[in-house]
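One structure is given here, and the rest of the page talks about it.
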Amino acid sequence: MDGVEEMTKPLLSVVVPAYNEEAVLGVFYERMSALFDELPDYRCEMIFVNDGSRDRTQAIIDGFCERDARVASVNLSRNFGKEIAMTAGFDHASGDAVIVIDADLQDPPELIHDFIREWRAGYDIVYAKRTHRDGETWLKKATASAFYKVMDKVSGKVKIPRDVGDYRLMSRRSVDALLQLREQHRFMKGLFAWVGFPSKAIEYRRDPRAAGETKFNYWKLWNFALEGITSFTIAPLKIATYIGIFTAFSAFLFGLWIIGKTLFLDHDLPGYPSLMVTVLFLGGIQLFFIGVLGEYLGRIFGETKQRPLYFTQGHHPSRISSEPH
Ligand code: UDP
Ligand code: MG
């Protein structure tokens, strides 16, 4: 094909965070290249971000880079977590549209056709919304559902859509906006929603993992949920205020009642059990909210250090994106 004509085609960058994914990368690569072949109107590149894998992930990616001009790699200096791995991918993506997808094929690559259609129709962010969660336990489904309910209640103006993962296409301008948010505590679902821009959901069925194991256990998911809430809203601090006001007011009424009782009824002063209950209950509430304060304080501590988000130990651009525009 004519070289000049080739260069004027829009560039699609597909960002793939990968942490110990040696078992699935080969299949992923095959499916993604097959999809690229179905998109002759675009220049396509895959940017693998190796998030400090301890298996052969980087070696496999290097192999792809060598034999395929469409493959790029970013090799992080250690495991930073998926949120930062995605950010590193966005930083290195120069596409007119950037797609982020899991390496485990839980997100069917074929959906990218629909993403592109909606992007062409004018949407900046096209995200995939799960209708089913095959291969996930009822406990994961139940906790995920509870999480979305809480987020919905507390997140105020910025609505985080339900059952939406990271799998999405973003236009150049929405990626540029996202990249300006450099906070350390990156709850990407929140950041995606925060930047705004016209968005569109595409429904899909989330497949079970093609191979390998999930990297998220319940403790990680719990921390992820905490991160989501604390990096997004100060509602827990407000709850502390209101509980404080409420208990102080109740204590005042209770005091009045005790004074009245002592003056007008009898002088009986039983009260050890109720005293214990009150002391322990209030002590518990106080400790709990000191913990909540601590969550915020810890995050402020993290942000004030202003460290770079990640370091790379190697970057290999795709030969498609590095040619002049
Ligand atoms: N991942 C990553 N860094 C991590 C954990 C996960 O880059 O510290 C990647 C992982 O390789 C995969 C994606 O994030 O491409 C989603 O991970 P996983 O499938 O384990 O999560 P789940 O689908 O079970 O939520
Ligand atoms: Mg997965």
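When a ligand or atom number is given, it counts from 1 through the structure's own listing order.
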Please report whether ligand 1 has a polar contact with Asn79, defined as an N or O pair separated by less than 3.5 Å (distance criterion only).
yes
Val16 and ligand 1 - part of the residue with a heavy-atom distance under 4.0 Å
neither
Between Glu21 (side chain) and Ala103 (backbone), is there a donor-acceptor pair under 3.5 Å?
no
In terms of relative ring orientation, are His315 and His92 parallel, tilted or perpendicular, with 30° and 60° separating the classes?
tilted
Can you list the ligand 1 atoms lying under 4.0 Å from a non-hydrogen atom of Asp51?
2 (C), 3 (N), 4 (C), 7 (O), 8 (O)
For ligand 1, is any non-hydrogen atom under 4.0 Å from Asp102's backbone (N, CA, C, O), its side chain (CB onward), both, or neither?
both
Would a hydrophobic clustering, with Ile, Leu, Val, Met, Phe, Trp and Tyr connected at side-chain separations under 4.5 Å, put Val150 with Ile243?
no
With atoms numbered from 1 as shown, which atoms in ligand 1 lie under 4.0 angstrom from a non-hydrogen atom of Ala103?
15 (O)
OG1 on Thr241 to CZ on Phe246, rounded to 0.5 Å
15.0 Å
Applying a strict under-4.5 Å side-chain criterion to I, L, V, M, F, W and Y, I'd like to know whether Val74 and Phe48 cluster together.
no
What's the spacing between Tyr127 OH and Lys189 NZ if we round to 0.5 Å?
12.0 Å
Glu21: numbered ligand 1 atoms lying under 4.0 Å from its heavy atoms:
10 (C), 11 (O), 12 (C), 15 (O)
Heavy-atom proximity to atom 2 (C) of ligand 1, best of Phe48, Phe80, Tyr19:
Tyr19
Is there a polar contact, in the sense of an N or O pair closer than 3.5 Å, between Pro17 and ligand 1?
yes
Would you name the N/O/S atom of Asp104 that lies closest to the Mg ion (ligand 2)?
OD2
Would you please classify the geometry between the Tyr204 ring and the Tyr167 ring as parallel, tilted or perpendicular, with 30° and 60° separating the classes?
perpendicular
Atoms in ligand 1 with a heavy atom of Gln106 nearer than 4.0 Å:
19 (O), 22 (P), 23 (O)
